[in-house]
Amino acid sequence: MEKSFEPRQIESKWYAEWEAAGDFRPRGDGEPYCILLPPPNVTGTLHMGHAFQQTIMDALTRYHRMRGFRTLWQGGTDHAGIATQKIVENQLAVDGQSRHDLGRAAFVERVWEWKQHSGSTITNQMRRLGASVDWSRERFTMDPGLSAAVKRVFVQWYRDGLLYRGRRLVNWDPVLMTAVSDLEVDNQEKEGSLWSIRYPASDGGEGLVVATTRPETMLGDVAVAVHPEDERYQALIGKTLTLPLTGREIPVIADDYVDREFGTGCVKITPAHDFNDWQIGARHKLAPITILTLDAKINENAPEKYRGLDRFAARKAVLADLEEAGLLVETKKHKLQVPVSQRTDAIIEPMLTDQWFLDLTSETRVDGRPGPGGRKAITEPALAAVRDGAIKFVPENWSTTYNQWLENIQDWCVSRQLWWGHQIPAWYDEAGNLFVGEDEADARAHSDVTPVGTLKQDEDVLDTWFSSALWPFSTMGWPGEAPVTDENGRVVADWPQDQAFLPSAVLVTGFDIIFFWVARMVMATQYFTGKVPFREVYINAIVRDADGQKMSKSKGNTIDPLDLIDGIDLEALVKKSTASLLIPQVREKVEKRIRKDYPQGIAAVGTDALRFTFAALATYGRTINFDLKRAEGYKAFCNKLWNAARFVLMNIDAAPQPVAQPVTEAEQWIYARLRATLAEVEAQMTLYRFDLVAQALYEFVWNEYCDWFVELAKPALGGDDKAAADSTRHTLLAVLEAALRALHPVTPFITEEIFQSVAPLLGLQEASITRRAYPRAEDFPADDTAAGAGIEWLRTVLTQVRRIRSEMNIAPGKAIPLLYAGGGAGDRARVEKFAAQIAFLARTESQRWLDAGEAEPAAAAAVVGEMRLLIPLAGLIDLDAEKARLDKEIKRLDGELAKSSAKLANFGEKTPPAVVEQERQRVADFTATLAALRGQLEKLGGM
């Protein structure tokens, strides 16, 4: 082994060897264990959320692979309809072109070229993270096999009376010119206005005053609603008002939806441009009036003077005309939630358009034929899967989120007005008749209508989530009965065999897509295979920065996982962090933060340390705060393991003979601790408590093996007892190798590298640690309670002696006299048994028991049970010099405490809580340190 641990040198080497050797493919005849990778966008790059989630999935995969399960981590990428199309459209815009200049076929070909160019970026980054995905089975949501599955599902749902085309209100992005899902919309709080507008009564009366945040939409109003029990407006219910600026007469209606306390208690009803108004309009059978074009301009249904105006220009014109007419009653500031497109930052418009919908709410088929509707056939089985325990959420509380959404679900708009994606397998003839099939011939064959003229395919594509909903079974080769091959002729799936991996063991995902992906996978998989897609859903936390803030490029608090792994200097980090920020003020703010938070850039910690950090942070909490200092700490852990392994290997020059039973108590103790650690790891892995897995492994490797057993082994290795020395050598190796296997799922690279040096000395035949079985508690010698108690006693003695050395500032190399007082027969027996170890590890020049009645010398003392340890200080330290040093340090800390206390007292209400807490901690630390130093000074004063 090299003298120092250099992660970068070993990581690329081992990953390439694992992949080439086929170590990530399912093997053996054990019970199937499968994890589905949530397919990242094909044009995406690895971010902290990916790295955290994939660390968890890889740890589970490697653990179960080593446990003998026939393990598959199914990977692949998503075509990401909107995101990918937007990237290519932006590229075209640089050349002054649009997709319409190319035409659909040429544009789609251009997107495929971009996919080939950038599609492997994130999968290569996953390799850097150590993700042991079976890349030989990698799928893409638009590869031929998955595309065939998409067509089959669409056609089957349509023929089962569950898919329909209708004119409904959807979220509309006027820049992308497509419907978008709720997931692609951010509700942002913005400063706006609330305008109160008078709608005169048609009979010349005063009428009503309505309050609105979107006055331009009044051009499409069809009614004004009041609460049926609002006494102020009883006389007007059923009468009509004159809609300002249009002259149209609209009715006053009564509806329980109206909040009497908000505004004036009167609500304008615009069904074509508001989701709530749509429901009210439907209840009162009011015909909607659309007043916006698809690019958010005023259309021909509005008065001529507003036609063609952008929606916000129209707002200004409408308000000016209302004010001129004396109908603008009041304008006041108002905070409101504005729906904004994640892709374009455009404000979303509810828009009435023709779309395809999956029925999830009807009791009977939407086509009027006999049979169950979507609620019976799709939604209720998805609810039952969780209610009846076929699917379990971890933590369990997320099942409530799942249930609430399904219980209040709306029909799913599955169509998108894009060119990149799965084009809807529906055709129309020249008379407008609809034909649905997997291809045009199939569509014709299954229609009772003779087509009029030629058929033209529907131009819309399916929502990206539609194909993602099929991921659990489409990746396994459904619906084919023959093996599915890729462009190189390699088999990537075989449904007759691979359906054994369905349901998968666990889905690891974030809470933000429980609705959009998790629930829809349950719906689709149950409907088409009769199985649930997974047995458990582990909802991982969301990664935030060290202060608990959401990571954002505009805040400058995002971290590229690869920058943590490889390191990055300050100037490169500043350039990278500000490259995509166009607003100068934001760029300056981000640069300032980067220079403050990372004055030296980011030092490389390596993949293993980053993965261990993620595992240690993986609690059941909703969020985790990622602190770079934790990663640096776990790099130190890797170094500790490396150095301990080097020590062991340097002290073993030939393969030690295995022993039937460990000879020394220290060996018996370390085996007991190993058994307990492995039992704890196994229990916590079952519960997905990766933080407790990491804690148990850290405690065992750092404290018990490296700090204590390696030290306790030294007297045996250098002693005259050959049997003890030989046994200890074997135990050092055997426990180290077991620890490497135990750590491997979390820290794969360092464990493989060390294993290669350890394995030959133990006569192991496996070429890689990935081929070794995961260690189990029962694999190792049974606990010896007496031996364990003896070593714990020895550890306590050594710890107390070292504490005194530290407190008294006794040089580590200085040999000390050690006296024992009090205690019982058991203590005397242990002192005699462990005298050589104490002398070696505590660096004592002498050890003896005080005689009965003998006066204690001036000494530093510690208590171990009923026994007292005494270290006479005469001649060990210069008392006067030590007193002077302590006195000087106490005065310095008194000054620091005073400054911190004054600062704390002067903080006001506006002081950030994190700053206040930091200063409180400083005060507490100074106070505790001062108490210890004063106690030490007082002790020296009595000598």
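Residues: numbered from 1 along the sequence shown.
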Short side-chain to backbone donor-acceptor contact, [X] and [Y], under 3.5 Å:
X      : Y      : result
Glu19  : Phe24  : no
His50  : His47  : yes
Glu11  : Thr607 : yes
Trp517 : Ser468 : yes
Trp471 : Leu37  : yes
Thr751 : Pro748 : yes
Asp134 : Leu72  : no
Thr55  : Val746 : no
Asn651 : Phe647 : yes
Thr770 : Asp23  : no

Any idea which heavy atoms bring [X] and [Y] closest together, and the distance?
X      : Y      : result
Thr728 : Ala716 : OG1-CB, 3.5 Å
Tyr402 : Ala382 : OH-O, 2.7 Å
Ala724 : Thr664 : CB-CG2, 3.8 Å
Leu761 : Ala654 : CD2-C, 3.9 Å
Trp18  : Ser768 : NE1-OG, 3.5 Å
Leu841 : Leu712 : CD1-CD2, 3.7 Å

Does anything in [range] pair up under salt bridge (Lys or Arg N to Asp or Glu O under 4.0 Å), and if so which pairs, sequence neighbours excluded?
range            : answer
residues 741-769 : Lys13-Glu753, Glu737-Arg741, Glu766-Arg772
residues 717-726 : Lys722-Asp726, Asp726-Arg729
residues 637-664 : Lys640-Asp707
residues 618-639 : none

Exercise. Once the angle between the rings of Trp478 and Phe473 is folded into 0 to 90°, is it parallel (under 30°), tilted (30 to 60°) or perpendicular (over 60°)?
Worked result: perpendicular

Exercise. Do the ring planes of Phe612 and Tyr634 sit parallel (below 30°), tilted (30 to 60°) or perpendicular (above 60°)?
Worked result: tilted

Problem set entry | pair Tyr620-Leu687: side-chain heavy atoms closer than 4.5 Å | yes

Verify the distance criterion only: is there a donor paired with an acceptor across the side chains of [X] and [Y] at less than 3.5 Å?
X      : Y      : result
Gln54  : Asp58  : no
Arg128 : Gln125 : no
Ser4   : Glu2   : no

Which residues pass the side-chain hydrogen bond (donor to acceptor under 3.5 Å, both in side chains) test with [X], not counting sequence neighbours?
X      : value
Trp793 : Asp827
Thr529 : none
Gln661 : none
Asn643 : none

For this session: May I ask you to check whether Trp398 and Phe511 place their ring centres under 6.0 Å from each other?
Result: yes

Pairwise distance [atom1]([X]) to [atom2]([Y]) - rounded to 0.5 angstrom:
X      : Y      : atom1 : atom2 : answer
Tyr63  : Thr686 : OH    : OG1   : 5.5 Å
Asp494 : Met476 : CG    : CE    : 12.0 Å
Gln53  : Asn540 : CD    : CG    : 4.5 Å
His744 : Phe749 : NE2   : CZ    : 9.0 Å
Tyr538 : Ile35  : OH    : CD1   : 12.0 Å
Phe637 : Asp608 : CZ    : CG    : 10.0 Å

For [X], is the [atom1] atom crowded, meaning more than 12 foreign heavy atoms sit under 6.0 Å from it?
X     : atom1 : result
Arg70 : CZ    : yes
Glu17 : CD    : yes
Asp29 : CG    : no

For this session: Could you list all the side chain to side chain donor-acceptor pair (under 3.5 Å) pairs where at least one residue sits in residues 773-782, not counting sequence neighbours?
Result: Glu682-Arg776

Problem set entry | Pairs flagged by side chain to side chain donor-acceptor pair (under 3.5 Å) wherever residues 669-679 is involved - sequence neighbours left out | Trp669-Glu792, Arg673-Glu704, Arg675-Asp783

Problem set entry | Residues which pass salt bridge (charged side-chain N to carboxylate O under 4.0 Å, His left out) with Arg689, listed by chain and number, not counting sequence neighbours | Asp691

Problem set entry | Any residue meeting salt bridge (charged side-chain N to carboxylate O under 4.0 Å, His left out) with Arg65, in chain and number order, not counting sequence neighbours | none

Exercise. Is there a side chain to side chain contact (heavy atoms under 4.5 Å, CB included) between Arg139 and Gln74 once you walk through the steps?
Worked result: CA-CA 8 Å; Arg139 307 303 300 271; Gln74 176 63 56; 3.6 Å; yes

For this session: Examine Arg802 relative to Trp708 and say whether NZ or CZ is less than 6.0 Å from the centre of the six-membered ring and inside a 45° cone about the ring axis.
Result: yes

